[in-house]
Amino acid sequence: MTNSIPEIENNDVLFVIGSNTTETHPIIGLRMKQAVRKGGKIIVADPRKIDLVRFSTLWLQHKAGTDVALLNGIMHVLLKEHLIDKDFIAGWTEGFDTFRESLSEYSPERAEKITGVPRKDIVKAALMYGKAERPAIYYTMGITQHSHGTQNVFAIANLALMTGNLGKESTGVNPLRGQNNVQGATDMGCVPNQYPGYQRVDLPSIKSKFEAAWDAKLSDRPGITATEMTDAAIDGKLKALYIMGENPLISDPDSHHTEKALKSLDFLVVQDIFMTETAELADVVLPAACFAEKDGTFTNTERRVQRVRKALNPPGQAREDSSIIMELSGRMGYAMNYNLVEEMMREIGGLWPAVAGITYGRIEKGGLQWPCPTLDHPGTPYLFKGGFPRGKASFTVVGYEPSKELPDKDYPFVLTTGRQLFQYHTGSMTRKVKELNAVAPEAYVEINPADADSMKIEDGDVVSVSSRRGSVSIKARVSERPPRGMVFIPFHYKEAAANVLTNPQLDPVCKIPELKVCAVRIEPASARP
Amino acid sequence: MGTGGIAAGGADVMDVFKKRLKEKGIQSEVKKHCSMHKVGCRGLCARDVLVDVIRYDVKTTYQFIKSDMVERIVEEHIVRGTPVAEWLVPEDYHHFHDKQVKVVLADCGMVDPEDIESYFGAGGYEALRKVLSGLTPEETIDVIKRSGLRGRGGAGFPTGLKWELTRKAAGNPKYVICNADEGDPGAFMDRSVIEGNPHAVIEGMIIAAHAIGSDHGYVYIRAEYPLAVERLRKALQQARHHNLLGENIIGTAMDFDIKVKLGAGAFVCGESTALMYSIEGKRGMPRVTPPRSTEAGLWKLPTCLNNVETLANVPSIIRNGAEWYASFGTEKSKGTKVFALTGKIKNSGLIEVPMGIPLRQIVYDIGGGIENDKAFKAVQMGGPSGGCIPVEHLDVPVDFESLTALGAMVGSGGLVVMDEDSCMVDVAKYFLHFTQSESCGKCTPCRIGTKRLLEILERITAGDGREGDIDLLLDLSADIKVSSLCGLGQSAPNPIITTIRYFREEFEAHVTGKKCPAKVCRKLLAYSIYEERCKGCGACVRVCPAGAITGEKKKPHVINPEICIKCGSCVEACKFKAIGRE
Amino acid sequence: MIKVIIDGKETRVPKGTTILEAARALHIPIPTLCNHPKLSPYGGCRLCLVEVKGNRHPVTSCSVPASDGMEVVTSTPLLERIRKTNIELLLSDHPNDCMVCEKAGDCTLQELAYFYGIRENRFAGERRIYEKKDANPFIERDMEKCILCGLCVRVCEEVEGVSAIDFAYRGFNAKIVPSFEKALDCEFCGQCVAVCPTGALTGKMWSYKGRQKDVRDVDTVCSYCGCGCNLTLHIRRNEVVRVSSRDDTINEGWLCAKGRFGYSFVNSPERLKTPLIKEKGTFREASWDEALDLVANKLKKIRAKHGADAIAGLSSARCTNEENYLFQKFMRAAVGTNNIDHCARL
Ligand SMILES: Cc1cc2nc3c(=O)[nH]c(=O)nc-3n(C[C@H](O)[C@H](O)[C@H](O)COP(=O)(O)O)c2cc1C
Ligand code: SF4
Ligand code: SF4
Ligand code: SF4
Ligand code: FES
């Protein structure tokens, strides 16, 4: 997020696109509701009638996967209505002229044709966002989990840049990170091409800095991403995989494919707190401590580093992940010795200046938002105040491309997947909580009443949902939430795993799979062969 | 003819008149002199149905008319010109009217409430025309201020000031609301005004709207008043038809229209903030102030809430001038007030008197004294929020300040007369029963406190009163009064406080002597059979549900006090008045 | 800024500050039961009444804004008498079963009863009796203990935006009910539980696991979504028995159903407790030494044969920063590959 959570309340316009915020980020959802109480207005762009629509002034029900067309249509109107920030564009950005040209094709009329959103609503959204004083954009996986997810993100950036809606309090672009420490995992360099602090592995000066600090020889070849690891395993290029606290069998697209990949490995180590579906396939399973059993820090979606504290001893012989890694590292011939978890934090601060000012002492109460370079720095609630770190920001020309797999005669429905309030991710934690299971016991597929009617499906019927990759049988939940022609399945349930159906088609740049759009067919379960 | 008149058979009487007159062909024959209207209520409910016959400009009034009496009136009076003497109203009918001053009720009973033309005929909407053509909002407010008009809904807040505060408050749009909830048991002034002359209220609202700068109005009226609602709706329709409501009212730049909202029949919904929540579709529960409704009322926008009677006064004030209105009443309480006079009184009904009139005149001159000429005991003024006034204060001037000083209040205008047969503990219990079940439940003292007051009164009247109960009642009452959130709780203890203040010995008789001097509290009575009167018929034995009465046939019976549950059934069953209660 | 004098102490506060807030800033205690700093003022409990110079009647300090030059007295014989009466009234309609109440020790009503020394009750009388029957899995709703402060109704509407509960009935019988008096069916965020000053709303899974004084509190951060809500884990005998949240953090004390009620996985019997090694398709328990040696040897062998890039690591968005740091350091420095990723993309 470029802004921080408390700033949300003071937005005068909140443009929420591809984020079912109240269910996936409930507490951020609360702040959005506060913003409404304080007079702010919400524009929701989502194919489904998500709960936030109740609080919105305007709901743009665009077809799944048409975000770029919608955003470009909005920007077309902003341009026409002169609702752009010329000073900001001149001072802070580059590439505006070519970009401006590219918008000419996206008249609201054309955008309406592609997205299904009435042109008057596109105009209204543009005027609301364009005239607002403190508008912010919020998005989640509904934007990124597409084969053209990067394009979607660029389109959003263009929108903020052309209106100068960045670098100010309560004004900015806010991707909401899905899991408690995704931000931290990325910050800490658990990505194939970057060391901690977004420092590139292929830059010699950086590599030598880390080699010196770690006293080790390092590779300058960027590694492969999680989704690429699957293919590499099947191709035989990847032999061993060490998984710490993840369950890709359920969370990754096309589960059959993932299973095949994991089984192709010579050696699989899984370190987890439960015997997950993925752990079942492992050669060695290492029992780890959960969040309540260890010290450390988490970094939330607004870059706030906060203290995690040990409250319990892990069960049996289970151990903290850090102690397991240290042990293992020693046995691999590379000794790591830290007496206190805090020593690691200090080491990180030495390598990544943006967190140099964060110590356990300072975050005893409340946490600090990076960048926080010095011990007396108060942290940074919002980014880009007074400029971008790397000079000027560029506009990117983004054209609308349809999703890779669109409905057709054989697979007439669009399937989209996501979360629901009472379960979390692959369910490895929440499904062990009996109270949560009592209110959200089983998987379901949301189907629009009109579609259900035409297929003679009633609420609660078991149906089979199939894609080109697999099929699940699942209860139908007839609901006004999805539009006609679209169905939704939460992905938390292994017994009806949505990701058996989804398309592993990756975004070419950031390698995120297209989990939000694929084509499926629905049949009453009894009609199955 | 209002709800009361119709219940007494007014509609039937009128139908028969119509039929008979038609049969006689009188409608066409004496058209010039005889026309027939239905008019609104004229106050003297105890004598319904009242009929005026105006023959060659001479008005004669009949009382207690039933449909089967119509034929004779038509035959003897209308056709032959000799009034039916025995059915005429007696002299005191005129007393009933003599001491009254009618401003609000002036046209009630004179104009046809369902016909706007009839209201026009009585000078209706002239005040509005005067205001819209010649008075700025500020000038209008000034007239109302100078008239000294104070709210008739109970609190007596200066109306002109309320209008001014709303006018000056920031926010748009602004609202005018007419409070016609009238949840006070025994009150029917507002109903009668709307049934009798709805256009006066509407005209008052439009003038208020002009004064505060509002284009939306509401009448919040209880759903239990179907006739009033119907007449109000009809009147609004007619007013719209004549462009007295809607856009560009009578050719001016003013827009204003009125919606009718039906109340759900909760007493507390008459409280201003609760009423506004109720209009918003929320639970009718009072809220803390500030902010006042004049700043943040309906939908948190500036709102002027006035009572029906308050608004109905407005057209007359504008027409006749502030000074005219201020000439009635006292220094601080100007004008007139409508009361619903009920209880043990000869002439019960709706009256309008100048403020400051001695209570005695209301009871004896207008009311004609106590029914069956029993002794006067007290008057309960202001309904469940008010207090009682005993005989020693019968000369109190009826105005806001004097009544409040006695612990009673003008309130909404209920005036219940009690005679020697009323038990004051029972009276207090009756009102507490009402307030505690009508409490909205929001604040502690009212929700639980009034319940505890009622419980204590219940045990006192059941003979289980404890030493110290009277002081406990007073202590708790005082705490509820200061600490309740809204007027309901703040005034709920008033009936207890005043009855104890003026009739403490009656409470003590209940608590210590376990006796009810007025012989009302059943559980405190001992039932016994007068040997000398008892014929031994056994009627009492048959009705006694407890089997407490025994005796041989034709010999005096006896009641066993151990078994008697004090239901009183035997007293009613005995034809020989042989059973007594002490 | 305006000047107010409370109990003789002068202070300056911004316009719009309530008398209660100003008094709290001066550390002057005023008892309250229906006030919450994040919710709209209500004025139902009547405990916060104070006297303001020039006002005939006491006013509720929770709702009345301070005005310039206002002089306030927070404690007088009259005020204390009213407070005592109202607390006594509340207790006269309360089960008074503190000895078995989940909330004892953490209950505002109990606190006030103690402070005002209420033992005998002048107003003993009828008590509301309700069957306990709310079937939802999370929230125990014992409406006999409810003092109708309305905090739950307000938090549900004003913070959660759900309005799952509201007042019903009048007077003494007023009651907080879910719509149509059915079992609660809502987002189960437990905001209502968090604000309830009495034992009327508690967590069903808390019951008889230990009261406030028995537990140790540990502040930490939620392990579910990316909001980063602060949690306080209440620990008794190596078990999480309850979760709450302080209101001075980023999430202001609000949580969602998962954060507040979804903690029992921590003490689940299904937790992995020993290292496991798979042999002929089935797992067997192993010692740490055995398991770690096996992993190290296997990885070394594969690295020797196929190069370091034949090994990859997948780390977790649910592990701490420090663990993620160590994990990538391990992959890069100990194994020698950049094949490291996590599930940010999912
Ligand atoms: C419990 C309660 C019930 C009330 N009921 C009524 C009512 O039925 N009609 C009414 O006009 N005022 C009623 N009031 C008074 C109103 O709150 C308000 O003061 C009045 O409508 C204002 O109009 P006025 O200034 O013209 O009197 C009630 C007040 C309370 C506290
Ligand atoms: S005084 Fe009674 S009616 Fe008024 S708010 Fe309190 S509980 Fe409700
Ligand atoms: S749990 Fe949350 S949603 Fe449910 S009633 Fe309580 S506050 Fe409302
Ligand atoms: S349940 Fe608790 S929070 Fe809700 S009104 Fe009752 S006492 Fe207050
Ligand atoms: S805290 Fe002010 S009335 Fe309850």
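The structure presented is a predicted model; accordingly, all values stated were derived computationally and were not measured. All chains are named by letter (A, B, ...) in the order of the sequence lines, taking the proteins before the strands, and each is independently numbered beginning at 1.
At a 4.5 Å heavy-atom cutoff, the contact between Glu23(A) and chain C is made by backbone atoms alone. With a threshold of 4.5 angstrom between heavy atoms, Arg54(A) approaches chain C through side-chain atoms but not through N, CA, C or O. Looking at Glu158(C), both its backbone and its side chain come within 4.5 Å of chain A, counting heavy atoms on both sides. For Ala216(A), the part lying under 4.5 angstrom from a heavy atom of chain C is the side chain only. With a 4.5 angstrom heavy-atom cutoff, Asp215(A) does not touch chain C via any of its atoms. Only the backbone of Thr24(A) comes within less than 4.5 Å of a heavy atom in chain C; its side chain stays farther off. Residue contact with chain C, scored on non-hydrogen atoms closer than 4.5 Å, is absent for Leu176(A). Proximity to chain C (any heavy atom under 4.5 Å) is restricted, for Met336(A), to the side chain, taken from C-beta onward. Only the side chain of Val269(A) comes within contact range of chain C, with at least one heavy atom under 4.5 Å from a heavy atom of that chain. For chain A, the nearby parts of Cys319(C) are the backbone and the side chain; heavy atoms of each come within less than 4.5 Å. At a 4.5 Å heavy-atom cutoff, the contact between Ile235(C) and chain A is made by side-chain atoms alone. Using a 4.5 Å cut-off between heavy atoms, Ile311(C) contacts chain A through both its backbone and its side chain. Only the side chain of Met229(A) comes within contact range of chain C, with heavy atoms under 4.5 Å apart. Neither the backbone nor the side chain of Asp217(C) comes within less than 4.5 Å of any heavy atom in chain A. Heavy atoms of Gln34(A) lying under 4.5 Å from chain C belong exclusively to its side chain. If you measure heavy-atom distances from Asp309(C) to chain A, the contacts under 4.5 Å come from both the backbone and the side chain.
The candidate with the highest count of non-hydrogen atom pairs below 4.5 Å against chain A, out of Leu231(C), Val295(C), Thr249(C), is Val295(C). Chosen from Ile302(C), Leu294(C), Ile340(C), Asn321(C), the residue pairing most often with chain A at heavy-atom distances under 4.5 Å is Asn321(C). Comparing Ala438(A), Ala335(A), Ala292(A), Pro196(A) by how many heavy-atom pairs each has under 4.5 Å with chain C, the most go to Pro196(A). When the candidates His306(C), Arg246(C), Lys273(C), Glu239(C) are compared by the number of heavy-atom contacts under 4.5 Å with chain A, Lys273(C) comes out ahead. Note on Leu299(C), Thr274(C), Ile277(C): by heavy-atom pairs under 4.5 Å with chain A, the leading option is Thr274(C). Counting heavy-atom pairs under 4.5 Å between each of Gln194(A), Gln183(A), Met1(A) and chain C puts Gln194(A) at the top.
Judged by distance alone, the side chain of Arg309(A) and the main-chain N or O of Val218(C) form no donor-acceptor pair under 3.5 Å. Without hydrogens or angle criteria, Glu270(C) side chain to Lys432(A) main chain gives no donor-acceptor distance under 3.5 Å. A donor-acceptor contact shorter than 3.5 Å is absent between the side chain of Asn181(A) and the backbone of Arg318(C). One N or O on the side chain of Arg216(C) and one on the backbone of Ala311(A) form a donor-acceptor pair closer than 3.5 Å. Side-chain N or O atoms of Asn300(A) include one that pairs as donor or acceptor with a backbone N or O of Cys227(C) at under 3.5 Å. Remark: the backbone N or O of Thr225(A) is not paired with any side-chain donor or acceptor of Asp341(C) at under 3.5 angstrom. Of the possible polar contacts, one joining the Ser316(C) side chain to the Gly245(A) backbone as a donor-acceptor pair under 3.5 Å is found. Side-chain atoms of Asn338(C) come within 3.5 Å of backbone N or O of Arg221(A) as a donor-acceptor pair. Between the side chain of Asn238(C) and the main chain of Asn313(A), a donor-acceptor pair closer than 3.5 Å is present. For the pair Asn324(C) (side chain) and Gly189(A) (backbone), a donor-acceptor distance under 3.5 Å is absent.
In summary, the side chains of Glu246(A) and Ser315(C) do not present any donor paired with an acceptor at a separation below 3.5 Å, with no hydrogens or angles considered. A donor atom on one side chain and an acceptor atom on the other are found under 3.5 Å apart for Tyr325(C) and Glu347(A).
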(message) Pair Arg271(C), Glu293(A) - check side chain to side chain contact (heavy atoms under 4.5 Å, CB included), show working.
(response) CA-CA 13 Å; Arg271(C) 282 287 298 277; Glu293(A) 296 151 358; 2.7 Å; yes
(message) The test is side chain to side chain contact (heavy atoms under 4.5 Å, CB included); show your working for Gln179(A) and His342(C) and say whether it passes.
(response) CA-CA 11 Å; Gln179(A) 302 191 55; His342(C) 70 286; over 6 Å; no
(request) I would like to know whether Leu326(C) and Tyr338(A) meet side chain to side chain contact (heavy atoms under 4.5 Å, CB included); could you show each step before the answer? (result) CA-CA 10 Å; Leu326(C) 280 199; Tyr338(A) 301 91; 3.4 Å; yes
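Side-chain contact between Asn180(A) and Tyr224(C) is absent, with no heavy atoms from C-beta onward closer than 4.5 Å.
The residues Asp293(C) and Arg331(A) are annotated as salt-bridged, a charged nitrogen and a carboxylate oxygen being separated by less than 4.0 angstrom. One finds a salt bridge joining Glu323(C) and Lys294(A) here, because a Lys/Arg side-chain nitrogen approaches an Asp/Glu carboxylate oxygen to under 4.0 Å.
With a 6.0 Å cutoff to the six-membered ring centre and a 45° limit on the axis angle, Arg332(C) does not count as a cation-pi contact of Trp214(A).
Ring pair Phe188(C)/Phe422(A) is tilted by interplanar angle, where 30° to 60° counts as tilted.
Taking 4.5 Å as the heavy-atom cut-off, the residues of residues 256-264 of chain C that approach chain A are Cys256(C), Ala257(C), Lys258(C), Phe261(C), Gly262(C), Tyr263(C), Ser264(C), ordered by number.
The aromatic ring centres of Tyr242(A) and Phe327(C) sit less than 6.0 Å apart.
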Distance-only donor-acceptor hits, side chain of residues 279-288 of chain A, under 3.5 Å, sequence neighbours excluded:
residue   : atom : partner   : partner atom : Å
Asp283(A) : OD2  : Leu268(A) : N            : 2.7

